[in-house]
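Lettering follows sequence order; numbering is per chain, from 1.
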Amino acid sequence: MSDIRTNEEEGKKSLNFIEVFVEKDLAEGKNGGRIQTRFPPEPNGYLHIGHAKAICLDFGIAEKYNGICNLRFDDTNPVKEDVEYVDSIMEDIKWLGFHWNEVYYASDYFQQLYDFAVALIKTDKAYIDELSAEEIARQKGTPTQAGENSPYRNRPVEESLDLFRRMNEGEFEEGRMTLRAKIDMASPNMHFRDPIIYRIIKHPHHRTGTTWKVYPMYDFAHGESDYFEGVTHSLCTLEFEVHRPLYDYFIDSLKTDDYRPRQIEFNRLNLTYTVMSKRKLLRLVKEGLVNGWDDPRMPTICGFRRRGYTPQSIRNFVDKIGYTKYDGVVDMALLEHAVREDLNATSTRVSGVINPVKLILTNYPEEQVEMMEAVNNPEDPESGSHEIAFTRELYIERDDFMEEAAKNFFRLAPDKEVRLKSAYIVKCTGCKKNNNGEIEEIYAECDFATKSGMPESSRKVKGTLHWVSASHSIPAEVRLYDRLFTSENPSEEKDKDFTELLNPDSLQVLTNCRVEAFLKDARPYDHFQFQRIGYFNVDPDSTGGKLVFNRTVSLKDTWTKVKDKA
RNA sequence: UGUCUCAUGGUGUAAUGGUAGCACUGCAGAUUUUGGUUCUGCCUGUCAAGGUUCGAAUCCUUGUGAGACAACCA
């Protein structure tokens with residue numbers, strides 16, 4: 001009986017508040033039962049994980065309710081925009097595994113928007129203002145104080161019409177005049193205080209070139225674009241909440257039928273130890289503080305890709321954090337858990353020795369080579385196995401040996417036994433140090449009866465070490481990434497320049513690492529779990545036999561636990 | 001001294017008037033040829049005060065706290 005209840009509960013996953021709205025609209029038969037969303041980035045930077053959250057929602061809602069989702073570039077400000085960004089945005093959406101119905105550009109609607117603006121002027125709902133930016137700011141008032149009317153507010157319609165036309169013909173310099181909607185300078189909502197809807201920009205547009213000299217502002221372009229396309233649910237982040245009345249106002253002035261798009265706001269993603277502002281990310285790139293937009297320390301989608309995150313792990317993460325109207329900060333641990341969960345199930349286990357020291361098996365024949373069978377992934381019985389060469393001289397992790405073992409250390413130490421993963425149990429007999437007191441070689445004896453697969457191999461020993469053969473392993477470069485920022489919430493540290501919060505140790509490059517020969521055939525973005533260390537992926541920089549790995553994420557606290565206890 | 005929005009463990013969320021649940025984190029323990037994985041257990045929560053109700057996280061009132069809005073950005 002309890003089984004039946006469990007099944008019922010599992011099948012009924014709770015809806016987020018947006019899905020509740022959507023289902024209600026559907027139940028009420030709004031828009032003829034049609035569902036249409038859009039993902040509307042401005043092509044002025046690369047997509048980051050915050051966008052991934054919006055993408056999952058926009059495309060996810062469409063998919064769930066048999067609707068469509070279009071990609072629309074909100075390209076109304078030519079000064080900041082570029083085709084480079086258009087291309088990267090499309091690539092990143094595809095990588096996440098989503099498919100848009102159509103690609104649109106707000107710039108496709110410049111003529112329609114211009115015509116709409118002219119119509120507003122003709123009905124005396126817009127006028128050309130000649131106040132400067134400073135003067136407009138001054139007469140706009142403050143949130144708690146009403147604004148004043150512009151002296152140009154009651155300019156004759158014909159005059160505004162004429163000036164608007166001449167503005168677009170390039171007769172006036174940038175900033176000389178603007179087109180403002182005539183609404184209410186005393187409105188408690190600042191956005192209703194005669195918002196600017198068109199300004200002069202002479203910078204060529206990446207798609208329309210120099211055709212236009214006036215460009216619509218966001219508030220004037222966004223809702224109208226939604227309307228032109230037939231969007232039913234226009235999902236955006238919380239900071240646009242105050243814009244919604246204006247969004248509705250313009251659409252009401254435009255619409256001629258029952259259809260109307262509906263704006264719904266959700267909480268933007270904030271992650272600990274991360275800045276998400278495009279402006280700041282652009283600065284990191286421009287000032288060379290990181291190696292480009294796809295630097296694995298960046299919170300960009302391409303950065304995560306290069307770091308070795310899988311699309312599925314990002315989607316699972318977004319699924320876990322949900323959509324609400326509460327502005328919080330998500331712990332990075334949640335993202336990292338999603339990655340480990342996905343990679344644990346799929347990545348091939350290999351041996352990589354990050355900080356090698358030689359281990360010599362004094363009773364093992366000098367020239368002998370045994371091929372040991374290494375399981376590819378114990379989580380996946382279908383994944384098979386590969387071979388790894390075992391010889392007299394091996395490399396093991398320097399941290400896996402202690403001359404005087406601490407209480408909770410159960411790896412290699414004089415007179416102690418450990419298992420060499422997939423091979424033999426060995427007993428440490430001593431070590432050799434150089435003049436500086438550093439350990440140069442460790443000696444051990446092999447217990448030949450304990451080879452993996454043999455009856456004696458079931459003997460229990462406390463520790464299991466990963467290793468590679470000194471003569472068969474290949475050198476590699478390993479890049480260990482830490483948090484880019486030292487502050488848990490760099491976006492909140494308002495007094496500081498955020499670059500002061502950069503973590504100088506955020507990138508460590510290790511070049512004397514040794515990895516098993518199996519990896520020489522690995523291809524860029526292949527991901528592996530280095531036994532007991534972490535998840536790594538092959539960096540696309542790996543060329544000409546040089547192998548470069550990025551650490552995607554460490555294994556859960558493996559190393560710190562040991563250090564704390566020792 | 002404005003308008004709008006929000007408030008559930010340390011974090012992110014669910015419960016849509018009917019037993020406050022899930023995930024992450026943390027801490028214990030079991031299993032383990034990865035100190036990984038897996039499994040088990042534990043810690044920790046409805047911002048406050050009133051009201052409505054048989055019954056309130058949920059509805060109402062007041063208070064408190066947080067965020068957004070004063071770009072010719074989106």
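- Within the nucleic acid shown, L343(A) has no heavy atom closer than 4.0 Å to any nucleic acid atom.
- C72(B) atom C1' lies 12 Å from atom CD1 of I128(A), rounded to whole Å.
- Ring-plane geometry between F536(A) and F530(A) is classed as parallel, the angle between the planes falling under 30 degrees on a 0 to 90 degree scale with a further cut at 60.
- Rounded to whole Å, atom C1' of A71(B) lies 7 Å from atom CE of M217(A).
- For Y152(A), the ring pair (Phe, Tyr, Trp, His ring centres under 6.0 Å) criterion is met by no residue, not counting sequence neighbours.
- Looking at heavy-atom distances under 4.0 Å, G328(A) makes contact with sugar-phosphate atoms alone, never a base.
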Can you give one letter per nucleotide of nucleotides 65-70 of chain B, 5' to 3': B if a protein heavy atom sits under 4.0 Å from the base, S if only from the sugar-phosphate, - if neither? --SSSB
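- Along RNA chain B, the nucleotide nearest to N44(A) and the one nearest to K53(A) differ in position, and the one closer to the 5' end is contacted by K53(A).
- Within the 4.0 Å cut-off from OP1 or OP2 of U13(B), at least one side-chain nitrogen or oxygen of N267(A) is found.
- Using a 4.0 Å heavy-atom cutoff across all strands shown, P40(A) reaches no nucleic acid atom at all.
- Using a 4.0 Å heavy-atom criterion, one finds that A333(A) contacts the sugar-phosphate atoms exclusively.
- Nucleotides U44(B) and C6(B) place their C1' atoms 23 Å apart, quoted to the nearest Å.
- For Y247(A), there are no ring pair (Phe, Tyr, Trp, His ring centres under 6.0 Å) partners, not counting sequence neighbours.
- The CD atom of E224(A) sits 13 Å away from the P atom of A74(B) (whole-angstrom rounding).
- A 6.0 Å sphere centred on NZ of K325(A) holds more than 12 heavy atoms belonging to other residues, nucleotides or ligands.
- To the nearest angstrom, P of G35(B) lies 8 Å from CG of L465(A).
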Please determine whether ring pair (Phe, Tyr, Trp, His ring centres under 6.0 Å) holds for the pair Y104(A) and F73(A), giving the CA-CA distance in whole Å, both sets of side-chain angles, and the decisive distance to 0.1 Å. CA-CA 6 Å; Y104(A) 294 125; F73(A) 290 99; over 10 Å; no
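- With P as the reference atom, C54(B) and C4(B) are 33 Å apart, rounded to whole Å.
- Among the protein residues, D219(A) comes within range of no part of the nucleic acid, since none of its heavy atoms lies under 4.0 Å from any strand.
- The side chain of N77(A) has A74(B) as its nearest neighbour among G12(B), U16(B), A74(B).
- Among residues two or more places apart in sequence or in another chain, the salt bridge (Lys or Arg N to Asp or Glu O under 4.0 Å) test is passed with R279(A) by none.
- For F240(A), the ring pair (Phe, Tyr, Trp, His ring centres under 6.0 Å) test picks out Y218(A), H243(A), with sequence neighbours left out.
- Heavy-atom nearest nucleotides on RNA chain B were determined for I200(A) and for Q529(A), and the one closer to the 5' end corresponds to Q529(A).
- Among the duplex regions that RNA chain B forms, those built from at least three successive Watson-Crick or G-U pairs under 3.5 Å are B:2-7 with B:64-69, B:10-13 with B:21-24, B:26-30 with B:38-42, B:47-51 with B:59-63, ordered by first number.
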Start with the C-alpha distance between T348(A) and N377(A), add both sets of side-chain angles, then the distance that settles side chain to side chain donor-acceptor pair (under 3.5 Å), and finish with yes or no. CA-CA 5 Å; T348(A) 298; N377(A) 185 353; over 6 Å; no
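- Using modelled atom types, one side-chain atom of T272(A) and one backbone atom of M332(A) make a donor-acceptor pair closer than 3.5 Å.
- When the salt bridge (Lys or Arg N to Asp or Glu O under 4.0 Å) test is applied to K24(A), the partners found at least two apart in sequence or on another chain are E28(A).
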Distances under 3.5 Å between nitrogen or oxygen atoms of protein and nucleotides 29-33 of chain B:
residue: U33(B); atom: OP1; partner: K460(A); partner atom: NZ; Å: 3.4
residue: U33(B); atom: OP2; partner: K460(A); partner atom: NZ; Å: 3.4
residue: U33(B); atom: O2'; partner: K421(A); partner atom: NZ; Å: 3.4
residue: U33(B); atom: N1; partner: R419(A); partner atom: NE; Å: 3.4
residue: U33(B); atom: O2; partner: S422(A); partner atom: N; Å: 2.9
residue: U33(B); atom: N3; partner: R419(A); partner atom: NH1; Å: 3.3
residue: U33(B); atom: N3; partner: S452(A); partner atom: OG; Å: 2.5
residue: U33(B); atom: O4; partner: R419(A); partner atom: NH1; Å: 3.0
residue: U33(B); atom: O4; partner: S452(A); partner atom: N; Å: 3.4
residue: U33(B); atom: O4; partner: S452(A); partner atom: OG; Å: 2.6

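- At G36(B), none of the side-chain N or O atoms of R532(A) fall inside 4.0 Å of OP1 or OP2 (strictly under the cut-off).
- The nearest whole Å value for the distance from the CZ atom in R279(A) to the C1' atom in A71(B) is 12 Å.
- In this model, the phosphate group of A74(B) is not approached by any side-chain N or O of R72(A) to a distance below 4.0 Å at OP1 or OP2.
- Rounded to an integer number of Å, the gap from L163(A) CG to C72(B) P is 19 Å.
- Remark: E148(A) pairs with no residue by the salt bridge (Lys or Arg N to Asp or Glu O under 4.0 Å) rule, at least two apart or across chains.
- Within 4.0 Å of Y198(A), counting heavy atoms only, lies no atom of the nucleic acid at all.
- Whole-Å rounding puts the F266(A) CZ to C4(B) P distance at 23 Å.
- Rounded to a whole angstrom, the distance from the C1' atom of A57(B) to that of A20(B) is 8 Å.
- With sequence neighbours left out, Y109(A) forms a ring pair (Phe, Tyr, Trp, His ring centres under 6.0 Å) with F228(A).
- Taking atom CG of residue L271(A) and atom C1' of nucleotide C24(B), one finds them 13 Å apart after rounding to whole Å.
- As rounded to the nearest Å, U53(B) and U11(B) have P atoms that lie 36 Å from one another.
- Take R244(A) and apply the salt bridge (Lys or Arg N to Asp or Glu O under 4.0 Å) test, not counting sequence neighbours, and it matches E265(A).
- Of the P atoms belonging to G12(B) and G67(B), the separation is 14 Å, rounded to the nearest Å.
- The side chain of T324(A) lies closest to U13(B) when the candidates are U5(B), U13(B), A74(B).
- R268(A) CZ: 12 or fewer foreign heavy atoms inside a 6.0 Å radius.
- Under the 30°/60° scheme for interplanar angles, the aromatic rings of H51(A) and H48(A) are found to be tilted.
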Output one line per pair: protein atom, nucleotide atom from nucleotides 37-42 of chain B, and distance, for all N/O pairs under 3.5 Å.
residue: U37(B); atom: O2'; partner: N344(A); partner atom: ND2; Å: 3.3
residue: U37(B); atom: O2'; partner: E379(A); partner atom: OE1; Å: 2.8
residue: U37(B); atom: O2'; partner: E379(A); partner atom: OE2; Å: 3.0

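- Counting non-hydrogen atoms of neighbouring residues, nucleotides and ligands closer than 6.0 angstrom, the CD atom of E169(A) exceeds 12 such neighbours.
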